[in-house]
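Okay, handing you the structure first.
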Amino acid sequence: MINEELELQKFEQKIANGEKIEPKDWMPEKYRKQLIRMIAQHAHSEIVGMLPEGNWITRAPSLRRKMVLLAKVQDEGGHGLYLYSAAETLGADRKDLIEALLNGKMKYSNIFNYPTLSWADIGIIGWLVDGAAIVNQTMLAKCSYGPYSRAMIRICKEENFHKRQGYENVSVLAQGNAKQKQMVQDALNRWWWQTLMMFGPHDENSTNTVDLMRWKIKLETNDSLRQRFINLTIPQAYAIGLTIPDNDLKYNEKTQNWEIGKINFDELYNVINGNGPCNRIRIAERKKSYEEGNWVRIAAENYALKNKNNYGTK
Amino acid sequence: MFEKKIEENLFQLLVQIADDKLILGHRLSEWCGHAPILEEDIALANIALDNIGQANSLYQIAVKLENKNRSEDELAFFRDEREFRNIQIVELPKGDFAFTIVRQFLYDNFSFLLFQKFCDSNFIELSDVSKKIVKEISYNLRHSKEWILRLGIGTEESKFNTQKAIDKIWEFTNEMFEFGNVENFLIEKNIIPNLDTIKTDWELSVKKIFDNTNLQIPNISYFASGGRNGFHTEYLGYLLAEMQIVARSNPNVKW
Ligand SMILES: [Fe+2]
Ligand SMILES: [Fe+2]
């Protein structure tokens, strides 16, 4: 007991000093569990997110756009892989985590429970969803757990690239013909509020923020991250002639913040609880691929085993 | 640089190969997010990207040669079924993982041998681009070869599925060694290789891996033919409908 208290003191001192916690270091069980949950949820988001975007690869309207989208979705898969490895440094197992996703025991970002309904959605997702991810991940890059922090630094570089390509795509549509303009404004209208909800509930309703912040798993509150995203994004929308779908939106000269209308968090909770437009479809699709791939995974494992044995007898 | 007749044939040839790559890339990209393991989601997307990138480079050379102000996107998105010149093997639906791997293995082998020869083509632009492409194909070939071994040796079930895929796909393999009617002109000028030698090499390398895994080459009498002249399976129309829908519903704009 005394030992544990001492370890905890040392652990918290380390964090206070701005040092990183590494896989072999002592850590409280709660810290380990919390991190596994967060990192896995992040990994799941990367791979579930491949579905709504992958939905448009075969229909991309130019070869260049097709290649850019393919490369992006491929990157997201890579992020998933990298994050699952980070979770494994904490003693988790990728297979268990994926099964928890498929059983509905673990969550992924709610944003991917909405459908991609036009080509413009691809630009909007790159610009807004990757943009929001960057704001969040720039913070996480400073978190106390070494492997997660390093994963974030690497991943953030690619997300920046995705965001730039998304915004460029959106700009072309916004400056295109009437049909393209209408398409991109419609996409913005559908994704704007959903993106703002990616940052989670308002601070006063966010239950575990305090703990997470003490151990530097999180370094900023939901509302402050959301505000940063809003301030960054609104001028970008105006620059290319898009309208933010918020009648109450105004700029506060004093705080230099853009102030938005009321977020409908009932919708967020509803989707979190499984009642979004695509919750069932996304999981069913992942499940189907996983089950259909079962014989392939077994064959690969078996082959690796046979090869190892052969090698041993040589 | 070349006489007109040669240029026209060369254009045809480039479009044939580029169409193969584009359509195959399309089928591969259908796996994205649906592969048996995450590593394969990534690998298949990457191979799709290689193929579509290669199609893009070859179309670019083709339209320059054609000199009619057509863009590579016009070739990809504004031609109909009968104007596509790919062989039928690449347009078949993606099937299960074994089918995708078998097709990939057979086509990668062919493509590798072909682009190796293209590196020595008298048409400089083709030989230059081929030096880059052949490297990509060698990685792709390694990937499909490794999977043939895994599936062929892994379990009874995987072997069964792989053999089933081979049996289904084999009738489409002969077309790889047809270049429609462009062939003779270009072979004479050392622009493209003689396909007979490629066929012999292809058979050898395929057979070697199949022998290692006890997979059988089926004994069949019918072989598909005609893709190089725009004669396709019924699958291609649906693929193009999907691929071209956005571009065609709003033509003459920038994307
Ligand atoms: Fe990502
Ligand atoms: Fe991204």
Side-chain angles (χ1 to χ4, degrees), chain A residues 43 46-71 73-78 80-81 84 94 98 118-119 169 172-173 175-177 179-180 183 285-286 288-290 292-307, chain B residues 22 25-46 48-49 52-53 55-56 59-60 71-73 75-77 96-98 101 146-147 149-155 157-162 239 242-250 252-255:
Chain A
E46 300 281 359
I47 64 165
V48 176
M50 293 171 84
L51 297 173
E53 292 190 272
N55 183 37
W56 283 90
I57 292 172
T58 55
R59 290 177 289 172
S62 76
L63 291 171
R64 182 172 77 91
R65 292 285 177 210
K66 195 188 279 290
M67 291 190 276
V68 166
L69 180 57
L70 251 172
V73 180
Q74 187 196 342
D75 283 348
E76 306 300 3
L81 204 59
Y84 285 122
R94 198 218 298 189
I98 287 182
S118 82
W119 167 249
N169 187 350
V172 168
L173 296 173
Q175 284 147 28
N177 70 6
K179 212 168 155 184
Q180 288 173 305
M183 187 193 258
E285 249 188 87
R286 288 285 345 168
K288 184 167 175 277
S289 320
Y290 192 71
E292 285 174 356
N294 204 28
W295 68 269
V296 179
R297 290 190 300 276
I298 295 174
E301 278 165 30
N302 237 6
Y303 175 76
L305 216 65
K306 282 182 189 175
N307 247 6
Chain B
L22 176 61
H26 181 105
R27 286 302 186 208
L28 283 163
S29 76
E30 291 174 337
W31 278 101
C32 195
H34 305 281
I37 40 170
L38 186 50
E39 282 82 349
E40 284 310 296
D41 273 320
I42 298 168
L44 293 175
N46 192 32
L49 186 54
I52 292 166
N56 191 49
Y59 285 141
Q60 277 171 355
S71 69
E72 58 271 24
D73 282 337
L75 286 180
F77 296 97
D96 65 0
F97 190 71
I101 289 298
E146 278 171 4
W147 270 107
L149 293 174
R150 283 191 196 104
L151 298 182
I153 295 172
T155 63
E157 187 184 7
S158 67
K159 190 191 170 72
F160 176 82
N161 290 345
T162 309
L239 185 155
E242 183 176 338
M243 186 174 84
Q244 298 176 336
I245 173 85
V246 179
R248 287 202 185 200
S249 42
N250 202 354
N252 306 317
V253 298
K254 212 182 137 208
W255 288 104

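Within every chain, numbering begins at 1; the chains are lettered A, B, ... in the order of the sequence lines, protein sequences first and strands thereafter.
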Item to check | Minimum heavy-atom distance B:Ala98-A:Trp295, with the two atoms named | outcome: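 That closest heavy-atom pairing would be CB-CH2, 3.7 Å.
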Item to check | Which atoms of B:Ala76 approach chain A - backbone, side chain, both or neither, heavy atom under 4.5 Å | outcome: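 Side chain only.
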Item to check | Nearest atoms (heavy-atom pairs only) where A:Leu70 meets B:Ala45 | outcome: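 Closest pair (atom of A:Leu70, atom of B:Ala45, distance): CD2-O, 3.7 Å.
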Item to check | Among A:Arg286, A:Gln180, A:Glu285, A:Glu76, residue most engaged with chain B (heavy-atom pairs, under 4.5 Å) | outcome: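 Option with the greatest count: A:Gln180.
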Item to check | Part of B:Asn161 within contact of chain A (heavy atom distance under 4.5 Å) | outcome: side chain
Next on the checklist: I need the minimum non-hydrogen distance between B:Pro36 and A:Gly293, along with the two atoms involved.
Outcome noted: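 Result for this residue pair: CB-CA, 3.6 Å.
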Item to check | Pairwise distance CG(A:Asn294) to CD1(B:Ile37) - rounded to 0.5 angstrom | outcome: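 Between A:Asn294 CG and B:Ile37 CD1, I get 12.0 Å after rounding to 0.5 Å.
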Item to check | Rounded distance (nearest 0.5 Å) linking atom NZ of B:Lys254 with atom CD of A:Gln175 | outcome: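 Interatomic distance, B:Lys254 NZ to A:Gln175 CD, rounded to 0.5 Å: 8.0 Å.
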Next on the checklist: I'd like to know which of A:Met50, A:Lys288, A:Glu53, A:Arg59 tops the heavy-atom pair count under 4.5 Å against chain B.
Outcome noted: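 Counting heavy-atom pairs under 4.5 Å, the top option is A:Arg59.
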Item to check | Shortest non-hydrogen contact from B:Leu38 toward A:Gly80 | outcome: CD2-C, 4.0 Å
Checklist entry - Where on B:Ala55 is there a heavy atom nearer than 4.5 Å to chain A: the side chain, the backbone, both, or neither? => result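 For B:Ala55, no heavy atom lies under 4.5 Å from chain A.
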Item to check | CD1 on A:Ile57 to CD on B:Glu242, rounded to 0.5 Å | outcome: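 Here the rounded value is 11.0 Å.
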Checklist entry - Under a 4.5 Å heavy-atom cut-off, does chain A meet the side chain of B:Ser249, its backbone, both or neither? => result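 Both the backbone and the side chain of B:Ser249 come within 4.5 Å of chain A.
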Checklist outcome for this item: Between A:Leu63 and B:Asp73 the two heavy atoms that sit nearest each other are N-OD1, 2.9 Å
Checklist entry - Where on B:Leu149 is there a heavy atom nearer than 4.5 Å to chain A: the side chain, the backbone, both, or neither? => result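 Backbone plus side chain of B:Leu149, per the 4.5 Å heavy-atom cut-off to chain A.
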Checklist entry - If you measure from OG1 on B:Thr155 to CD on A:Glu301, what distance do you get to the nearest 0.5 Å? => result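 B:Thr155 OG1 to A:Glu301 CD: 11.0 Å, rounded to 0.5 Å.
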Checklist entry - Which distance, rounded to the nearest 0.5 Å, do you find between the NZ of A:Lys66 and the CG of B:Leu22? => result 6.5 Å
Checklist entry - Within the distance-only criterion (no hydrogens, no angle test), does the side chain of B:Arg150 pair as donor or acceptor with the backbone N or O of A:Ala299 below 3.5 angstrom? => result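 Flag not set: sc B:Arg150 to bb A:Ala299 has no pair under 3.5 Å.
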Next on the checklist: Please rank B:Val253, B:Ile245, B:Ile52, B:Asn250 by heavy-atom pairs under 4.5 Å with chain A and give me the top one.
Outcome noted: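 It is B:Asn250.
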Checklist entry - For A:Ile47, is it the side chain, the backbone, both, or neither that has a heavy atom closer than 4.5 Å to a heavy atom of chain B? => result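 Side chain only.
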Checklist entry - Among B:Gln244, B:Arg27, B:Lys159, B:His34, who wins on heavy-atom pairs under 4.5 Å with chain A? => result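 Looking at each option in turn, the highest pair count goes to B:His34.
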Item to check | Under 4.5 Å from a heavy atom of chain B, the part of A:Leu51 involved | outcome: side chain
Checklist outcome for this item: Closest non-hydrogen contact found for B:Val246 with A:Pro61 is CG1-CB, 3.7 Å
Item to check | Approximate separation, where rounding is to 0.5 Å, of A:Arg297 CZ and B:Glu40 CD | outcome: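 Here the interatomic distance stands at 12.0 Å.
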Checklist entry - Is there a donor-acceptor contact under 3.5 Å from the side chain of A:Lys306 to the main chain of B:Ile153? => result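 Present.
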Item to check | Part of A:Gln74 within contact of chain B (heavy atom distance under 4.5 Å) | outcome: both
Item to check | Atom group of B:Trp147 that falls short of 4.5 Å from chain A, counting heavy atoms | outcome: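 Interface part for B:Trp147: side chain.
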Checklist entry - Considering only heavy atoms, which portion of A:Ala304 lies under 4.5 Å from any heavy atom of chain B: side chain, backbone, both, or neither? => result neither
Next on the checklist: Applying side chain to side chain contact (heavy atoms under 4.5 Å, CB included) to B:Phe97 and A:Glu292, what does each step give before you reach the verdict?
Outcome noted: CA-CA 9 Å; B:Phe97 190 71; A:Glu292 285 174 356; over 6 Å; no
